[in-house]
Amino acid sequence: MTKKIFAIIVAAMLCLSVAVSASADTMTYVYDPDYNLTDSEIAELHGYAESVEEDYGYSVIFCIVSDCGEMTCAEYAEDACISFTDAENAIVFVHNTDEGVYDYYLEGDAAALDEALIDIMWNAYDADDSYFGGLSSFYATAAEVIENMPPVVDTQTGDSETDNAETVTEKADETAENKDDGKKGTVSPIWIPVCLLIGMLIGFVIINSIASKNISVKMQKNATVYTREGSMVLTGSADNFLYSEVDRREKPKNDEK
Amino acid sequence: MSTVLQQKCPNCGGSVEFDVGAQRLKCPFCDAEFDINAFQQPENNGAGQGDSINWNSQSSQWALGETNGMSVYGCQSCGGEIVADENTGATSCPYCGNQVVMKGQFSGALRPDLVIPFKLDKKAAKEALKKHYQGKKFVPKGFFDDNKLEEIKGVYVPHWLFTCDAVADASYKARIVREWSDEDYDYTETSHYDVYRSCNISFDNVPVDGSSKMPDDLMESIEPFDISQAVDFNVAYLAGYLADKYDVSVDDCVERANERIKQSADNALAATVTGYDSFDTTCVEMNVASGIYKYALYPVWLLTTKWEGKQYTFAMNGQTGKFVGNIPTDKKAVTKASLLLGAGIGAVLYGLAWLIQLL
């Protein structure tokens with residue numbers, strides 16, 4: 001019986017670890033829900049994106065969609081960044097094919113990219129008539145752009161060597177905020193020992209409550225079973241108010257959050 | 001040498017025993033049954049008792065002090081010498097197996113007021129033991145298979161029964177908590193009260209084990225006994241069973257009865273403190289009025305098993321069938337199961353956390 005339980009638990013943990021690693025390993029670099037690209041083309045483009053990430057540490061994601069729903073392209077790009085990657089640095093482009101517009105979202109050090117560099121990457125994509133050709137050019141250009149990227153501006157000192165320092169600083173701040181949001185899709189491994197500890201406590205309580213059934217000899221706590229029926233008569237009762245005290249706690253302000 | 005009493009069959013002279021099913025005395029040799037009242041005062045009835053052979057020892061076989069704490073009796077059937085604990089009231093002859101009652105142990109001031117006759121027999125006790133084993137987890141490997149039933153005996157255990165009218169009063173510190181909020185603050189108002197309650201409450205026949213040989217927790221665990229089925233004491237009920245006279249005085253037992261009664265009175269008073277969010281008991285006092293006590297014999301089946309050189313004692317209420325007895329626990333198995341279950345629950349929790357995040 002114990003062996004069976006052990007086997008089941010080990011299997012469950014293995015499944016869990018496989019699921020976790022699988023979800024961590026499967027990255028989406030090219031998102032194409034409308035099937036503008038073939039599977040082999042997507043696989044090839046993924047290869048480009050992976051090499052960019054390996055070489056420069058940047059996730060470069062491109063979404064070709066016909067509809068962004070209620071979101072703008074920029075919001076869609078931010079959402080895609082949260083959903084598709086855990087990387088610290090990411091560049092996410094979204095092309096709305098129906099409306100013929102595009103926008104982007106930059107994560108981490110990618111915030112240092114200015115509009116001119118963004119335009120270079122977009123133009124590389126837009127210049128080719130086919131999606132596959134455009135995206136191939138896009139990834140090649142992205143690799144060059146990232147390689148020659150300007151250094152990240154020091155947001156503390158305010159020193160800036162670029163014209164768009166302010167923009168970069170703002171984006172860097174936004175990126176820092178978005179970083180926390182970006183972790184929504186994952187559970188940190190630090191929770192594993194916490195979950196195990198909680199599990200151990202619950203397991204200990206359950207198993208010991210089962211084992212306690214082996215003990216049936218104990219002293220009686222009272223003699224209630226020998227109380228003469230109807231003999232309990234309340235002869236005195238007094239409830240005297242002494243004092244009251246009020247504790248006042250300030251509510252947390254929303255802007256303090 | 002002390003004298004013993006044997007319930008003899010008027011037909012064949014065999015030693016009769018109390019029959020649980022018929023609630024009468026029965027001769028195991030000729031199957032004759034007799035009413036308990038027929039054996040009401042056997043010491044005054046000289047006829048029909050069969051042989052009356054007393055084999056009294058002529059020489060001083062026991063050294064001085066050697067029989068301290070023991071009593072020596074002569075069996076009226078075979079003349080064998082029965083050496084028993086000084087508190088033994090009923091036993092069997094080790095030579096001929098005849099059931100004997102030590103008359104002096106239950107006469108005069110030592111005579112019990114009541115006895116609850118056995119309602120369940122040895123077979124029921126054996127079955128109860130098997131049932132008791134069922135469903136028990138984390139028992140050391142081999143305990144159920146190798147654990148041998150060493151002894152099973154029906155024992156009348158002496159109990160003191162306390163009946164009283166009690167006057168109890170108690171004081172409490174109680175609190176009512178009210179919470180509300182406005183735009184900027186959360187408020188908690190705690191109102192404090194001084195609460196007093198008093199009551200009259202009566203208890204009937206609160207039992208306390210009067211035998212030092214019997215573990216008190218074992219005896220209290222098989223409670224309650226239905227005292228309404230108790231009958232006036234008659235030595236005939238002891239036939240076929242073991243019995244001890246009390247060796248813990250009523251003065252030594254009353255403290256335990258008071259303790260249980262006071263706790264019950266406390267519970268009853270605390271149940272009347274209502275309308276508060278919380279309260280603490282600051283004082284409970286109890287006075288016992290018109291307290292009386294009785295001496296009774298309660299029927300208990302004691303089962304002793306042995307496993308790996310250690311004895312395990314189980315007890316069954318000979319009237320209601322309530323069965324108790326601690327079964328050993330395999331601590332390693334408990335630890336292992338706790339860890340395995342804990343790991344499983346931990347994995348599930350972590351998986352759920354992932355699912356929640358992904359959704």
Side-chain angles (χ1 to χ4, degrees), chain A residues 2 5-6 8-9 12-13 16 19-20 23 184-187 191-193 195-204 206-208 210-211 213-228 231-251, chain B residues 136-139 169 181 184-206 216-218 220-221 223-224 260-261 263-264 267-268 272 324-329 334 336-351 353-354 357-358:
Chain A
T2 315
I5 295 169
F6 182 75
I8 290 166
I9 290 169
M13 292 191 81
L16 185 65
V20 168
S23 66
K184 271 182 187 171
T186 63
V187 179
W191 286 99
I192 291 175
C195 288
L196 278 177
L197 190 68
I198 295 168
M200 292 293 171
L201 282 173
I202 297 170
F204 181 79
I206 292 172
I207 296 297
N208 276 277
I210 294 170
K213 286 178 183 169
N214 291 0
I215 306 296
S216 55
V217 176
K218 58 191 170 192
M219 297 290 276
Q220 296 286 342
K221 288 178 182 165
N222 53 52
T224 306
V225 72
Y226 302 104
T227 307
R228 193 179 304 155
S231 68
M232 157 69 180
V233 179
L234 203 61
T235 54
S237 175
D239 297 65
N240 300 317
F241 172 73
L242 297 176
Y243 63 94
S244 70
E245 56 192 359
V246 178
D247 178 39
R248 192 179 70 170
R249 291 179 312 283
E250 197 172 358
K251 282 183 171 176
Chain B
K136 296 289 188 289
K137 308 283 183 198
F138 307 114
V139 179
D169 54 74
S181 301
D184 301 318
Y185 295 97
D186 291 323
Y187 299 88
T188 305
E189 182 192 62
T190 308
S191 301
H192 297 265
Y193 293 81
D194 202 357
V195 179
Y196 169 80
R197 296 282 186 273
S198 67
C199 75
N200 292 335
I201 187 166
S202 302
F203 295 88
D204 288 327
N205 301 304
V206 178
D216 290 346
D217 54 356
L218 197 65
E220 288 194 8
S221 298
E223 288 182 21
R260 291 178 65 180
I261 288 169
Q263 187 58 54
S264 292
N267 293 349
T272 68
V324 298
N326 293 344
I327 290 174
T329 304
V334 168
K336 199 173 166 185
S338 297
L339 289 173
L340 284 172
L341 185 63
I345 293 170
V348 169
L349 285 176
Y350 191 67
W354 264 94
Q357 288 291 320
L358 290 172

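Chain letters run A, B, ... following the sequence lines, proteins first, then strands; residues in each count from 1.
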**Complete:** dist Thr235(A):OG1 -> Ile201(B):CD1 (nearest 0.5 Å) comes out at 11.0 Å

**Note, Pro224(B) side chain near Tyr226(A) side chain (heavy atom, < 4.5 Å)** = yes

**Request:** Report the option among Ile215(A), Asp247(A), Val217(A), Ile192(A) that has the most heavy-atom pairs separated by less than 4.5 Å from atoms of chain B.
**Result:** Val217(A)

**Message:** Per the salt bridge (charged side-chain N to carboxylate O under 4.0 Å, His left out) rule, what does the pair list look like for residues 233-245 of chain A, sequence neighbours excluded?
**Reply:** Asp239(A)-Arg197(B)

**Item:** Proximity breakdown for Ile206(A) and chain B, heavy-atom pairs closer than 4.5 Å
**Value:** side chain

**Asked** For Arg248(A), which residues count as a side-chain hydrogen bond (donor to acceptor under 3.5 Å, both in side chains) partner, sequence neighbours excluded?
**Response** none

**Asked** Under 3.5 Å, side chain of Asp194(B) to main-chain N/O of Asn240(A), donor-acceptor pair present?
**Response** no

**Prompt:** Above 12 or not: heavy atoms from other molecules or residues under 6.0 Å from NZ of Lys137(B)?
**Reply:** no

**Request:** Look up atom OG in Ser338(B) and atom CD1 in Ile210(A), then write down how far apart they are to the nearest 0.5 Å.
**Result:** 9.0 Å

**Asked** Should we count CZ of Phe204(A) as having more than 12 external heavy atoms under 6.0 Å?
**Response** no

**Request:** Determine, for Asp204(B) against Arg228(A), whether the closest basic-nitrogen to carboxylate-oxygen distance falls under 4.0 angstrom.
**Result:** yes

**Message:** Taking every non-hydrogen pair under 4.5 Å, which of Pro193(A), Gly203(A), Gly236(A) racks up the most with chain B?
**Reply:** Gly236(A)

**Message:** Taking side chain as everything from C-beta outward and backbone as N, CA, C, O, which of these in Asp186(B) sits under 4.5 Å from a heavy atom of chain A? Side chain, backbone, both or neither.
**Reply:** both

**Fill in**
Turns out that what part of Val233(A) lies under 4.5 Å from chain B's heavy atoms comes down to both

**Item:** Parallel, tilted or perpendicular: ring planes of His192(B) versus Tyr243(A), cut at 30 and 60 degrees
**Value:** parallel

**Request:** Specify the closest pair of heavy atoms between Leu234(A) and Ser198(B), including all atoms of both residues, with the distance to one decimal.
**Result:** CD1-O, 3.4 Å

**Message:** Suppose we call two aromatic rings close when their centres sit under 6.0 Å apart. Are Tyr193(B) and Phe241(A) close by that rule?
**Reply:** yes

**Item:** Part of Thr188(B) lying under 4.5 Å from any heavy atom of chain A
**Value:** both

**Asked** Nearest 0.5 Å, what's the CD1-CD1 distance between Ile198(A) and Ile345(B)?
**Response** 11.0 Å

